[in-house]
Number of protein chains: 2
Amino acid sequence: MSKKRSECPISNSLEIFGDKWSLLIIRDLIFYQKSTYGDFLKSDEKIATNILASRLLALEENGIIEKREHPDSKAKILYRLTHKGIDLLPIIFEIHLWAEKYFTIPADIQEMVNDAKKNKEVALKTIMEQLRKQLEEEVMAV
Amino acid sequence: MSKKRSECPISNSLEIFGDKWSLLIIRDLIFYQKSTYGDFLKSDEKIATNILASRLLALEENGIIEKREHPDSKAKILYRLTHKGIDLLPIIFEIHLWAEKYFTIPADIQEMVNDAKKNKEVALKTIMEQLRKQLEEEVMAV
DNA sequence: CATTTGCACTTGCAAAATGCAAGTAATTTT
DNA sequence: AAAATTACTTGCATTTTGCAAGTGCAAATG
């Protein structure tokens, strides 16, 4: 982590997730149930493997994600959002709402958020509750 | 503007403002009444002059900001957020709320948003109204 | 139980983006 | 008329990103 550019909370936040990849990894963790290195590599945007490694490390160092033992295999690593990471959901949701207004959204994605739009606050709370539950279920951090 | 990585609305959005500088320029336009090239250069984060030029151009090409004649001088250029740019306020506000939870925020900034926090929806609407009014007042785009 | 496959990375190198310092050209001020 | 402002541009060094190939351990396969 390099030195802070300023004391501005927006600036400090952007130093953590203000790049073209971090929020996509977080999106995958929240909306697509992705949780392993291989899962992230497979995303449509085709992140380079070394970039993925560096982003995962940075996100971990910044307390946004954490590594867990994978229940299926010792060869796998399970990545989970921390509470700090889960709290990024409202930001991602607002980005989605903005995008919806100015881009054409694929139907399947649109469908996924239609319910949430009806009652934003409640829907966000529900998704965040679920993510938090996941966090508590599996106890062994690696 | 390079080719889209995917159809994902989050990804498409990040291709516009997913970098370490764009949202700071937008922050300056919204919260600090900055509106000229020189204003942006003076911000605490010390953006390099060529980077500022490239970001302003990209934001303009993406319809987030627009250039206006400056009322004081022909040597100056007035940058304004478009409606599309104004609509980014909720995202920035959520980033602020997140930052508030996980960072120490300077008192002067904290004060600025305390009112807004009490009634988020209304406060955002009010700020956005003001920005829209600015947009309509000055008619001559350059 | 030896071999292949899967998984999470690392490494080396090319290309692109960023950052710094110094210009430039058109105003505007003195 | 000269100096200062303003919005940039340019050249070059540094950093980050991207691609392709490789590594080492775990697990599945013959």
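Residue numbers start from 1 in every chain, and the chains themselves are labelled A, B, ... in the order their sequence lines are given, proteins ahead of strands. None of these values were measured; they are calculated from a predicted model.
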If you check every side-chain atom of [X], which of [options] has the closest atom?
X: A:I77; options: C:dT28, D:dG18, C:dA8; answer: C:dA8
X: A:I51; options: C:dA8, D:dT6, D:dG18; answer: D:dG18
X: B:R55; options: D:dG18, C:dC9, C:dA17; answer: C:dA17
X: A:A53; options: C:dC9, C:dT18, D:dC8; answer: C:dC9
X: A:A75; options: D:dA7, C:dA21, D:dA26; answer: D:dA26

In whole Å, I'd like the distance from the [atom1] atom of [X] to the [atom2] atom of [N].
X: B:D19; N: D:dT17; atom1: CG; atom2: C1'; answer: 14 Å
X: B:L24; N: C:dG19; atom1: CG; atom2: P; answer: 11 Å
X: A:F40; N: C:dC7; atom1: CZ; atom2: P; answer: 14 Å
X: A:H70; N: C:dC9; atom1: NE2; atom2: C1'; answer: 16 Å
X: A:K76; N: C:dG6; atom1: NZ; atom2: P; answer: 11 Å
X: A:L41; N: C:dA8; atom1: CG; atom2: C1'; answer: 9 Å
X: A:E15; N: D:dT16; atom1: CD; atom2: C1'; answer: 15 Å
X: B:L78; N: D:dA7; atom1: CG; atom2: P; answer: 10 Å

For A:T49 and for B:S35, find the nucleotide of DNA chain D with the closest heavy atom, then tell me which residue's nucleotide is more 5'. B:S35
Relative to each other, are the rings of B:F93 and B:H96 parallel, tilted or perpendicular (30° and 60° limits)? parallel
Report the residue (A:D39 or B:I47) whose heavy-atom-nearest nucleotide on DNA chain C is the more 5′ of the two. A:D39
With heavy atoms under 4.0 Å as the rule, sort [X] into base, sugar-phosphate or nothing.
X: B:N50; value: base
X: B:Y79; value: sugar-phosphate
X: B:T36; value: sugar-phosphate

[N], OP1 or OP2 - any side-chain N/O from [X] closer than 4.0 Å?
X: A:W21; N: D:dG18; answer: yes
X: A:S73; N: D:dA27; answer: yes
X: A:K74; N: D:dA28; answer: no

Can you tell me how far CZ of B:F103 sits from OG of A:S11, rounded to the nearest 0.5 angstrom? 9.5 Å
So do [Y] and [X] actually touch side chain to side chain, heavy atoms under 4.5 Å?
X: A:N62; Y: A:E15; result: no
X: B:E7; Y: A:D108; result: no
X: B:T36; Y: B:I77; result: no

Residues B:E66, B:K84: salt bridge by 4.0 Å N-O rule: no
